[in-house]
Amino acid sequence: MKKREAIVSFVEYQNMDELPCAEKALVREALKAASGAYAPYSHFMVGAAILLDDGTVVRGANVENAAFPSGSCAEKTALSYMVANYGDRQAVAIAIAALKDGQLTPDPVPPCGNCRQMLTEEEQRTGRPIKVILAGDSAIYVLESSQALMPLSFTGRNLR
Ligand code: THU
């Protein structure tokens, strides 16, 4: 018998001023994306901005539906668009931010389980870690890889 641990380490910044320039720019893109959300049911507007290895930024927002499960998260929207349109490129980083009543949420918004699964798949597909920047008004978390969000995740390897 062996006890094993999966430890998540990440950097916490107190505010946007502390954040390195490249990360700050991507958070601004995520906020821009959030303003395009279609969220008439939750009024929770989430934006995701993915930075590609050639400098392109792909944005996505949550798109809700009266049939609730038909809606899509911001991260899923952005990742799907990225893979469909820039499949030969690699994602380097993703910033996620949400607006509630038009204001950036105080706490960083962590991606849901489905979106973590999608991020993990994208890392597996390209073999490159994706930096995850979760931005809130009172804290910003930066993780070096989305794998950290999903220890013991199910991947294509499990199907072989
Ligand atoms: N949402 C996202 O866009 N991303 C997440 O990771 C968490 C939740 C959206 C889905 C729904 O439109 C709204 O936030 C409330 O759950």
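As the structure lists them, so they are numbered: ligands from 1, and atoms in each ligand from 1. The structure displayed is predicted, hence computed values, not measured ones.
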Atom 8 (C) of ligand 1 has as its nearest protein heavy atom C73 SG, 4.0 Å
closest protein heavy atom to atom 9 (C) of ligand 1 is N62 ND2, 3.6 Å
Atoms of ligand 1 less than 4.0 Å from [X] heavy atoms?
X    : result
F44  : 14 (O)
E64  : 11 (C), 12 (O), 13 (C)
P111 : 6 (O)
S42  : 13 (C), 15 (C)
A74  : 2 (C), 3 (O)

Nearest heavy-atom contact between L52 and A91 is CD2-CA, 4.1 Å
Closest non-hydrogen contact found for E123 with I130 is OE2-N, 2.7 Å
- Message: Applying side-chain hydrogen bond (donor to acceptor under 3.5 Å, both in side chains) to T77 and S72, what does each step give before you reach the verdict?
- Response: CA-CA 6 Å; T77 309; S72 177; 3.2 Å; yes
Q. N/O to N/O below 3.5 Å, does that happen between C115 and ligand 1?
A. no
Review point. Is it true that the side chains of S42 and E64 contain a donor and an acceptor less than 3.5 Å apart?
Key: yes
Determine whether Y141 and V11 satisfy the following criterion, side chain to side chain contact (heavy atoms under 4.5 Å, CB included), listing intermediate values before the conclusion. CA-CA 6 Å; Y141 303 154; V11 177; over 6 Å; no
Closest to atom 4 (N) of ligand 1 (heavy atoms only, candidates E75, R116, M45, H43) is E75
| said: Regarding R128 and E122, does a basic nitrogen lie under 4.0 Å from an acidic carboxylate oxygen? | reply: no
| field | Short side-chain to backbone donor-acceptor contact, N158 and T155, under 3.5 Å | value | yes
query = Between F154 and L159, is any pair of side-chain heavy atoms under 4.5 Å apart?
reply = yes
#### Entry: G71 near ligand 1 by a heavy-atom separation under 4.0 Å
no
Please tell me if atom 12 (O) of ligand 1 is touched by the protein, where touching means a protein heavy-atom distance below 4.0 Å. yes
